[in-house]
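I have a structure I would like to understand better, so I am pasting it below and will then ask my questions one at a time.
In what follows, chains carry the letters A, B, and so on, assigned in the order in which the sequence lines appear, proteins first and then strands, with residues in each chain numbered from 1.
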There are 2 protein chains.
Amino acid sequence: MTTPLEKARKDPESMKARILDVARRIFGQYGFHGTTTRMIAREVGIDISTLHYHWGGKKDLYESVVVDINKDLRQKLVEVEKVIHALPLNERLDISIDLTTDYLFEHPEISNLILLRYFGKTRSEGNFDSIIPEFTADIARSMGLARDKKNVPPETMMKVLAVMNSIHNFISGENFFRPMVKAERERYIALVKATLKFIHIPAFTQNEAKYNRLSCRLS
Amino acid sequence: MTTPLEKARKDPESMKARILDVARRIFGQYGFHGTTTRMIAREVGIDISTLHYHWGGKKDLYESVVVDINKDLRQKLVEVEKVIHALPLNERLDISIDLTTDYLFEHPEISNLILLRYFGKTRSEGNFDSIIPEFTADIARSMGLARDKKNVPPETMMKVLAVMNSIHNFISGENFFRPMVKAERERYIALVKATLKFIHIPAFTQNEAKYNRLSCRLS
DNA sequence: CTGTGATTCAATCATTTGATGGATAGATAC
DNA sequence: GTATCTATCCATCAAATGATTGAATCACAG
């Protein structure tokens, strides 16, 4: 049995897929309440009822969008992990910052949507996915900060969150931050990467060194 | 001439002030579009028309809220600056992270609102305050990363943004992140502080050391 | 061609939501 | 006491918005 979402992803030309694509972008920009079904329909160039025909209701569409972007992000992270697999920590960070940043700058709706979900409430109750927690633990393991994705200590989770969030922030806040630093697009992207590396690499490598010294002394 | 906002701040018991207070909280939780004037009025225990009588319209009220929280935050930062004034950089960071974090955990609407403004669009056009950019530069100077608030280089602005945002993230995302690390409130706050210091202090101090070595060599 | 199911749209509905007008009560000035 | 100004609420409006219905159109198997 294929879910509507899987069907949409299979054929990117289908109406289902076109709607989902536009919905990603608009929900990402305006958030759940800031988006109207009419905005999405207009952008796709169809009637609202067609949208309802394919996706049920606004809420349903939104949920599908969330699942969709999480799938994309997770897949990208798996891809990144393959590249950085056996490198030392500082290079792992360096490369994964580059790759992840580039990818998210090409798909800013992903960062937008994730952050809006973190920081904004929905009037209607009960939305909480276990997806994010789960793959935050994944990243921890992939960064070599935890053995397996079960039993990642809170301190490590927090560090991973800090890294991921700082990336999303600069992507999603581009409209705000870029004018502040008076840079055009390419320059801004370069600044983001440099800043992320400046902030994160010392933290993890310095403390790694500390741990190494410590374990030497102990052995 | 006193603006309505100044009047409201003067007398915290006034209806104006009570509305503003509730509006801060609700706009912070649900964002501009997610908040209805009725939600605010109900929470205050008044009729919507009373709200309109005092603050004009939803948009006006929202703008006032934004100005209000920026005033509060700025004042706090000035306060923090006095404390850390002449200390070495690593202590400056350590203390200002403690103070700022504590303050924002007591007033999470501030972080909520700032982040929602960064990351979410409003359907209606033209909202851009120059307040934020301005005092990002202020922080840079206060952290000793720039001589004066004019002419702060983009790289420095980005670093300051990274620090401020990472704080706001953990405050505003508490509802999401705290369950992820399975911590109760106090523990979470401690984790946040530890993580922030873990991430940021090495970055700035390590590079300061680098600069120092460099300037030694040059002299 | 014809019937059948899938897809799309125009029209419409019910509710929500931002906003206003006018009545009422209270305080203060004269 | 009367006038005036402030503050509040009730009733209501007009627009926006999520959703549905039923008719029209299209694709295509038989």
Q | Test log, rule side-chain contact (heavy atoms from CB on, under 4.5 Å), inputs A:Phe170 and A:Thr101 | A | CA-CA 9 Å; A:Phe170 281 123; A:Thr101 305; over 6 Å; no

(Q) I need the OH-P distance between A:Tyr53 and C:dT7, as an integer number of Å. (A) 4 Å

Q: Look at the rings of B:Phe198 and A:Phe204 and say which category their plane angle falls in: under 30° parallel, 30 to 60° tilted, over 60° perpendicular.
A: perpendicular

Q: Starting at atom CD1 of A:Ile19, determine the distance to atom C1' of C:dT7, rounded to an integer number of angstrom.
A: 11 Å

Q) Where does the angle between the aromatic ring planes of A:Phe27 and A:Phe32 fall among parallel (under 30°), tilted (30 to 60°) and perpendicular (over 60°)? A) parallel

Q | Member of B:Arg25, B:Arg18, B:Arg24 meeting the salt bridge (charged side-chain N to carboxylate O under 4.0 Å, His left out) criterion with B:Glu43 | A | B:Arg25

**Q.** CG/B:Asp148: more than 12 non-hydrogen atoms of other groups inside 6.0 Å
**A.** yes

**Q.** Sequence-aligned protein contact record of nucleotides 14-21 of chain C, with B where the base is within under 4.0 Å of a protein heavy atom and S where only the sugar-phosphate is
**A.** ---BBBBB

Q.
Measuring to OP1 and OP2 of D:dA7, would you say a side-chain N or O of B:Thr50 lies under 4.0 angstrom away?
A. no

Q | Length of the CG-C1' vector between A:Leu51 and D:dT17, whole Å | A | 13 Å

**Q.** Check: B:Thr100 side chain, B:Ile97 main-chain N or O, donor-acceptor pair, under 3.5 Å
**A.** no

**Q.** Spacing between B:Met15 atom CE and D:dC9 atom P, to the nearest angstrom
**A.** 7 Å

(Q) Just the rounded figure in Å: distance from P of D:dG18 to CH2 of A:Trp55. (A) 18 Å

